[in-house]
Q: 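Got a structure here, written out as structure tokens. Questions coming.
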Amino acid sequence: MEIIENKETRPLDFIRQIIADDLQTGKHQGTVTRFPPEPNGFLHIGHAKSICLNFGIAEENHGRCNLRFDDTNPSKEDVAYVESIQKDVQWLGFDWGEKVLYASDYFPQLHAYAVELIQIGKAYVCQLLPDEIRQYRGTLTEPGKESPYRNRSVAENLQLFEQMKNGEFEEGTHVLRAKIDMASPNLNMRDPVIYRILKAHHHRTGATWKIYPMYDYTHCLSDMLEGITHSLCTLEFQDHRPLYDWVLDTLNTPCHPRQIEFARLNLTYTVMSKRKLLKMVEGRYVEGWDDPRMLTISGLRRRGYTPASIRNFARTIGIGKSESRIDMGVLENEIRNDLNLRADRRMCVLDPVKVIIDNYPEGLIEEMVGKNHPQDPAMGERMLPFSKELYIERDDFMENPSKKYHRLGPGREVRLRYGYLIQYVSHVTDETTGKITEIHCTYDPETKSGSAPDGRKVKGTIHWVSAEKGLPVTVRLYDRLFKVEDPEADKAVDFLEQLNPMSRVIISGAVAEPSLAALQPGETVQFERQGYFCADPLESKIGRPVLNRTVTLRDSWESKGQL
RNA sequence: UGGGGCGUCGCCAAGCGGUAAGGCACCGGGUUUUGAUCCCGGCAUCCGUAGGUUCGAAUCCUGCCGCCCCAGCCA
């Protein structure tokens, strides 16, 4: 039986709409898109949006999406980045086919096209200094002035360009410019530089080239050479589209991809620019590009986000042209949805306080059975050792609880999850610190595994760990990196001053149920009543887990201010 | 005050001349040995604003207002 693809009935975004139209009218037989990162930094959640768009379109139309490194500026780029980028795209679950592509693969062709531009009188070598070029460009409201080098002969331009290529000139002394219109209201069209001299070592072509093509010139031609049908980029390139089109039209190329722009992703409680992320890394405000608080793909991976959650997130937020700032809660919601289905349940006490069950036999250890998932029996069960001395969460006991609080307190009875019902007897407080050191209870032997034969109702169920059999674990509670929704809103305040000092709280006294000893690095579990925690892929070891909190559980008690 | 864009519920986002989808958030209620999950219900007489065209407009036209982007030999 043929499996019919479950096409969602949700409306197409404006880009997919354009593509559907192009396919329908026969303008294109299929789609070819591309994801073109510059290898000068790590990919972040904003890139993931673009990746999901471009590769998603390829999947939906049985088309192709190229991974192409836009490596035209050797002074900023590095192989380390090309490796991390490939890993991240792959991890997200996308496939770029045969091989990775590089703009630098096209340097010879790009050069030949530049020569052609010179030959048809559409490009010239300019010897204005960088500063002079800026002055000649004019301003937003005044037209620019033509360069004195603008009307050199074709022969002279060819000669000079060849000399640039041969490394005969110093950086900054000569550039190749497109001859368009110095009076254009679009500054990008005022004879843009298309080649500059750069004597840096290129990560792939080494010292072969002394001149490198600029983005605007490179991108459209690379798209064309790959037969890209739809070239998707962010809004700030809208003003560059006329230049994209000019190059392809002027060179009369065999195909002409359509550039379409969409709004980049912004999220609340974080910053997205590579520059700012780099500043946090270099200033040691975070541990590195893959710090679990970073919204980089590698940071999210370490935090415990799954590829599915990120792809669902991209689908949920959609594609549009209006600048937006998505609520971080939307991302968090996606990872909860995903992990809720697949994470095993476990118990871990983060801030332990000792409970002594006075009437429980000394030395007895009982094995209780816990479900790995409350709704999915197929996920199995595990054993939980129960003993006279236990730890419970300090939060789960109150000396003077309100009526709405249904955990442990004087006179209260609560259920220990998968354990017994226990009844409060007394508690001991340290005189000097004022902290509660132990709570005495009695248990009802008739209530093993948590239900009372007499049918009496117990409102609260709390988690616990055997004091004797518990496993000490290191837990890091991660929270949003910034304390304000938009760290960049106030121009007078440096975004670094808005960092959330509580974005990482390291807990060393936590105790988990013994099954946590088997946790594999990278594996994620739910600590019941608390949240999802991922064994750090780098620092966690079998038997000695280090857990990163991915996200808390939704909590309608805390969030309602515990009325 | 040059050019290019954008303005639909708190946050996203459908809508493409026929009388406001969906998600998140929020608010009720139910189930529940996670105050989780799940389930049910509520949530824009109104689409930046003022006019105009039309039997009829968020959708077409005009003016106005607000916000974003552009003066790298960065991408």
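Per chain, numbering begins at 1; letters A, B, ... match sequence-line order. Keep in mind it's a predicted model, so treat the numbers as computed, not measured.
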Q: Please tell me if Arg264(A) has a side-chain N or O lying less than 4.0 Å from either OP1 or OP2 of A75(B).
A: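 No, Arg264(A) has no side-chain N/O under 4.0 Å of OP1/OP2 on A75(B).
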Q: Indicate yes or no: does Asp105(A) engage Arg204(A) in a salt bridge with an N to O separation below 4.0 Å.
A: yes
Q: Which listed nucleotide (U37(B), A14(B), C12(B)) is nearest to the side chain of Arg325(A)?
A: C12(B)
Q: Is Thr72(A) close enough to A75(B) that one of its side-chain N or O atoms is under 4.0 Å from OP1 or OP2 there?
A: yes
Q: Roughly how far apart, to the nearest Å, are G41(B) and G23(B) at atom P?
A: 12 Å
Q: Quick one: look up who C16(B) pairs with, Watson-Crick or G-U, both distances under 3.5 Å, and put none if it's unpaired.
A: none
Q: Nearest to the side chain of Val175(A), heavy atoms from C-beta on, is which of U34(B), C73(B), C69(B)?
A: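 Looking only at heavy atoms from C-beta outward on Val175(A), the closest nucleotide is C73(B).
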Q: Quick check: on RNA chain B, is the nucleotide nearest Gly138(A) upstream (toward 5') of the one nearest Asp239(A), or the reverse? Name the residue that is more 5'.
A: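 Closer to the 5' end of RNA chain B: Asp239(A).
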Q: Would you call the rings of Tyr244(A) and His219(A) parallel, tilted or perpendicular, taking 30° and 60° as the class edges?
A: tilted
Q: Check whether any side-chain N or O of Arg134(A) sits under 4.0 Å from OP1 or OP2 of C73(B), and answer yes or no.
A: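 No, no such contact exists.
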Q: Any base atoms under 4.0 Å from His240(A), or only sugar-phosphate, or nothing? Heavy atoms, all strands.
A: base
Q: State whether the distance check finds a donor on one side and an acceptor on the other, under 3.5 Å, for side chain Arg241(A) versus base G4(B).
A: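 Per atom types, no contact qualifies.
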Q: Who is the Watson-Crick or G-U wobble partner of G2(B), with both distances under 3.5 Å?
A: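 Partner of G2(B): C70(B).
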Q: Counting any heavy atom closer than 4.0 Å, what does Glu38(A) reach on the DNA or RNA strands: base, sugar-phosphate only, or nothing?
A: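 Glu38(A): backbone/sugar contact only, no base atoms under 4.0 Å.
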Q: What's Ile197(A) touching, base or sugar-phosphate or nothing? Going by heavy atoms closer than 4.0 Å.
A: nothing
Q: Report the nucleotide, chosen from C74(B), G5(B), A71(B), that has the shortest atom-to-atom distance to any side-chain atom of Gln238(A).
A: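 Nucleotide nearest to Gln238(A)'s side chain: G5(B).
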Q: Checking all strands, does Tyr418(A) fall into the base, sugar-phosphate, or nothing category for heavy-atom contacts under 4.0 angstrom?
A: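 Counting heavy atoms under 4.0 Å across all strands, the contact made by Tyr418(A) includes a base.
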Q: Side chain of His406(A) only, heavy atoms from C-beta on: which candidate in G35(B), G72(B), G23(B) is closest?
A: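 Side chain of His406(A) sits closest to G35(B).
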Q: Between G2(B), G3(B), G15(B), which nucleotide gets closest to the side-chain atoms of Asn186(A)?
A: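 Among the listed nucleotides, the one closest to the side chain of Asn186(A) is G3(B).
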Q: Checking side-chain polar atoms at under 3.5 Å, does Asp191(A) have a donor or acceptor matched by the opposite partner on Tyr124(A)?
A: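 Tyr124(A) and Asp191(A) do have a side-chain donor-acceptor pair below 3.5 Å.
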Q: What's Arg415(A) touching, base or sugar-phosphate or nothing? Going by heavy atoms closer than 4.0 Å.
A: base
Q: His240(A) vs Tyr215(A) aromatic rings, parallel, tilted or perpendicular, using cut-offs 30° and 60°?
A: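 Ring orientation of His240(A) relative to Tyr215(A): perpendicular.
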Q: I'd like the P distance from C67(B) over to C26(B), given in whole Å.
A: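 Approximately 30 Å lies between the P atom of C26(B) and that of C67(B).
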Q: Indicate syn or anti for G18(B), taking the glycosidic torsion and treating anything within 90° of 0 as syn.
A: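 Glycosidic conformation of G18(B): anti.
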Q: When all nucleic acid strands are considered with a 4.0 Å heavy-atom cut-off, which category describes Phe237(A): base, sugar-phosphate, or nothing?
A: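 Counting heavy atoms under 4.0 Å across all strands, the contact made by Phe237(A) includes a base.
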Q: Is Thr447(A) reaching over with its side chain to a backbone N or O of Leu421(A), donor-acceptor style, under 3.5 angstrom?
A: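 Pair found, side chain donor or acceptor close to backbone of Leu421(A).
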Q: Can you check the Asn333(A) CG to A36(B) P distance for me, whole Å?
A: 14 Å
Q: Give a yes/no answer on whether the side chain of Arg529(A) brings an N or O atom under 4.0 Å of OP1 or OP2 in G35(B).
A: yes
Q: Between Gly320(A) and Gln375(A), name the one whose nearest nucleotide on RNA chain B is closer to the 5' end.
A: Gly320(A)
Q: Check Asp396(A) with Arg394(A), please: is the shortest side-chain N to carboxylate O separation under 4.0 Å?
A: no
Q: Just how far, in rounded Å, is C1' of C74(B) from NZ of Lys76(A)?
A: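 Spelled out: NZ on Lys76(A) to C1' on C74(B) is 4 Å.
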Q: Taking atom C1' in both G10(B) and G3(B), what distance in whole Å separates the two?
A: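 These two C1' atoms come out 34 Å apart once rounded.
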Q: Indicate whether Tyr215(A) forms a stack on A75(B); treat it as stacked only if centroid distance is below 5.5 angstrom and interplanar angle below 30 degrees.
A: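 So no, this residue does not stack on that base, at least one cut-off failing.
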Q: Side chains of Thr270(A) and Arg480(A): donor-acceptor distance under 3.5 Å anywhere?
A: no
Q: Does C38(B) have a Watson-Crick or wobble partner in any strand here, with both distances under 3.5 angstrom, and which is it?
A: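 Because both required distances fall under 3.5 Å, C38(B) counts as paired with G30(B).
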Q: What is the distance from CD1 of Ile392(A) to P of U34(B), rounded to the nearest Å?
A: 17 Å
Q: If I pick the C1' atom on C46(B) and the same atom on A20(B), what distance separates them, to the nearest angstrom?
A: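 Nearest-Å result for A20(B) against C46(B) at atom C1': 7 Å.
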Q: For the P atoms, the ones on C61(B) and on U54(B), what distance do you get once it is rounded to whole angstrom?
A: 16 Å
Q: Once you apply the 3.5 Å cut-off to both distances, tell me the Watson-Crick or G-U wobble partner of U59(B), or none.
A: none
Q: Can you say whether a donor on the side chain of Gln526(A) sits under 3.5 Å from an acceptor on the base of U34(B), or the other way round?
A: yes
Q: Hey, does the side chain of Ser322(A) come within less than 4.0 Å of A13(B)'s phosphate (OP1/OP2), counting only N and O?
A: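 Ser322(A) to A13(B) OP1/OP2: side-chain N or O found under 4.0 Å.
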Q: Please name the residue in the list Phe107(A), Tyr102(A), Trp209(A), Phe69(A) that meets the ring pair (Phe, Tyr, Trp, His ring centres under 6.0 Å) test with His202(A).
A: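 Of all the options given, the one that passes is Phe107(A).
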Q: Is the distance from OP1 or OP2 of A36(B) to the nearest side-chain N or O of Arg345(A) less than 4.0 Å?
A: no
Q: Taking the same atom, C1', in G5(B) and in C43(B), what whole-Å distance lies between them?
A: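 Straight-line distance between the two C1' atoms is 32 Å.
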Q: Does OP1 or OP2 of G3(B) have a side-chain N or O of Arg190(A) closer than 4.0 Å?
A: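 It does not, given that no N or O in the side chain of Arg190(A) lies less than 4.0 Å from OP1 or OP2 of G3(B).
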Q: Looking at Ser75(A), I'd like to know whether one of its side-chain N or O atoms comes within less than 4.0 Å of OP1 or OP2 on C74(B).
A: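 So the side chain of Ser75(A) is outside the cut-off, no N or O lying under 4.0 Å from OP1 or OP2 of C74(B).
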